[in-house]
2 protein chains.
Amino acid sequence: MTLPQAQLDEVRTRFAEFLKTRGQRQTSERFAILDALYASGEHLDADALFARLKKNGVSVSRATVYNTLDLLIECDLVVKHQFGKTQARYERSFAYWQHDHLLCIDCGEIFEFCDPRIQSIQETVAEIYGFEIAQHALNMYGHCRRENCDNKPQTAEA
Amino acid sequence: MTLPQAQLDEVRTRFAEFLKTRGQRQTSERFAILDALYASGEHLDADALFARLKKNGVSVSRATVYNTLDLLIECDLVVKHQFGKTQARYERSFAYWQHDHLLCIDCGEIFEFCDPRIQSIQETVAEIYGFEIAQHALNMYGHCRRENCDNKPQTAEA
DNA sequence: ATAACTGCAAAACATTTGCATACAG
DNA sequence: CTGTATGCAAATGTTTTGCAGTTAT
């Protein structure tokens, strides 16, 4: 769940260089947001991330959270997901396997999976439609069989 | 694009019976919304649907549009999609092949495709994770090669 | 008749924007 | 210093809700 320190450092370095290249500032808020998202390893929405930061004594505004998430997406350190709710969820993407998502309709739990056939499908579709495909999102929705799957959608953050 | 009259009738009948079963009323607004969505065959968002109705001289409120869409989803006549934008899009689902979506990042055009391998993946995932999978959403995003793909996201409705 | 539905406007959310202040380079 | 970021609060866009009036059954 937690990334090795060496990789966390690499992530910070990458963000720092991205900012430098674009002539943007390296602020403590930006790194705090990066750290919070990478520390969790979960699929947090912007507000849960905001709440977690506040809980950890980091005071940032929601606007800065959204701003920074956009920057992190631009430098490929974070991916944004629309799992069917109106609010987006964000997930770290550095040094992590490419995967798709399996969501429990009852408890809201999110599982990750990877199947090589999705890649084949992507190639076939690109060929047939003359598309240059940049990315895909495959979400499966169903009922999990966990003991503690209790039909109560648990909030993203404790 | 347009469904044969016989199927449109079947759709209306199905909705009528669904409403009767639940002791809900058959109002002209509800059928107007059903018709408008089935007439288009597109992936409309709630507001585009609202606009189309108004253009056709049907006066309904946005609230009724949303309400009715929920009913149509419940009786499996309509499916709701989250294609990455905040606003949801709605598509008729009766007498239509099961398919996934290919979206052009530049012009916003939506294409449909179907690949049997997605079904295999679904079965594999269900098996591995002990899930009873109810549905899936596979969206591919890329650049189309159409002549009139002009980078300008065209609005859902003309 | 009467319970359900509609339209309207206000509320509820998620996200973005504008602007005065703060601060990294 | 200087321009970029931040926080705040207001604005935006989408969807939901409350309620008085309307209508299908």
Side-chain angles (χ1 to χ4, degrees), chain A residues 12 15-34 36 43-54 57-75 78 80-90 153 155-157, chain B residues 12 15-34 36-37 43-54 57-75 78 80-90 108 153 155-157:
Chain A
R12 280 202 205 84
F15 190 35
E17 285 176 0
F18 169 81
L19 291 171
K20 185 182 283 182
T21 307
R22 310 221 314 189
Q24 296 194 263
R25 291 205 209 138
Q26 300 180 37
T27 65
S28 58
E29 289 86 351
R30 287 176 174 169
F31 286 98
I33 291 164
L34 172 64
H43 303 80
L44 300 177
D45 56 71
D47 208 58
L49 184 54
F50 173 77
R52 170 172 294 216
L53 284 157
K54 183 177 261 178
V58 181
S59 168
V60 290
S61 72
R62 248 172 270 262
T64 302
V65 171
Y66 280 106
N67 259 327
T68 304
L69 283 171
D70 285 343
L71 290 173
L72 291 170
I73 290 166
E74 279 189 74
C75 66
V78 167
K80 181 178 182 175
H81 298 288
Q82 288 287 160
F83 286 137
K85 311 288 179 191
T86 64
Q87 73 195 356
R89 282 172 174 256
Y90 302 85
T155 50
E157 190 66 354
Chain B
R12 281 202 204 85
F15 190 34
E17 285 176 0
F18 170 81
L19 291 171
K20 185 182 284 183
T21 306
R22 309 222 313 189
Q24 296 194 265
R25 290 206 213 141
Q26 300 180 39
T27 64
S28 57
E29 289 86 351
R30 286 176 175 170
F31 285 98
I33 291 165
L34 173 63
L37 194 48
H43 302 80
L44 300 178
D45 57 72
D47 209 57
L49 185 55
F50 174 77
R52 169 172 295 216
L53 283 158
K54 183 178 259 177
V58 181
S59 167
V60 290
S61 72
R62 249 174 268 263
T64 302
V65 170
Y66 280 106
N67 260 326
T68 304
L69 284 170
D70 284 343
L71 290 173
L72 291 170
I73 290 166
E74 280 190 73
C75 66
V78 167
K80 181 178 182 176
H81 298 289
Q82 288 288 163
F83 287 136
K85 310 289 176 188
T86 65
Q87 72 195 355
R89 282 171 174 257
Y90 301 85
T155 50
E157 191 65 354

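Only heavy atoms go into these numbers, but all of them, side chains included; no hydrogens, no water, no symmetry mates. Chain letters run A, B, ... following the sequence lines, proteins first and then strands; every chain starts at 1.
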With respect to the phosphate group of [N], does any side-chain polar atom (N or O) of [X] fall under 4.0 Å of OP1 or OP2?
X       : N      : answer
B/Arg30 : C/dC5  : yes
B/Arg22 : C/dA4  : no
A/Gln87 : C/dC13 : no
B/Gln26 : D/dA24 : no
B/Tyr66 : D/dT16 : no
B/Thr64 : C/dC5  : no

Item checked: Candidates D/dA24, D/dT6, C/dG7 - which lies nearest the side chain of A/Glu29 -> D/dT6
Notebook entry, point to check: Between D/dT15, C/dA4, C/dT15, which one does the side chain of B/Thr86 approach most closely?
Noted result: C/dT15
Next item on the list: Using whole Å, report how far CG of A/Leu19 lies from P of D/dT6.
Entry: 10 Å
Notebook entry, point to check: Rounding to a whole Å, what distance do you find between B/Asp70:CG and D/dT16:P?
Noted result: 6 Å
Margin query: Can you work out whether A/Val65 or B/Ala88 has the more 5'-proximal nearest nucleotide on DNA chain D?
Written below: A/Val65
Notebook entry, point to check: How about A/Thr27 and A/Thr64: do any of their side-chain heavy atoms sit closer than 4.5 Å?
Noted result: no
Check: Donor-acceptor pair, B/Arg30 side chain versus B/Arg25 backbone, under 3.5 Å?
Finding: yes
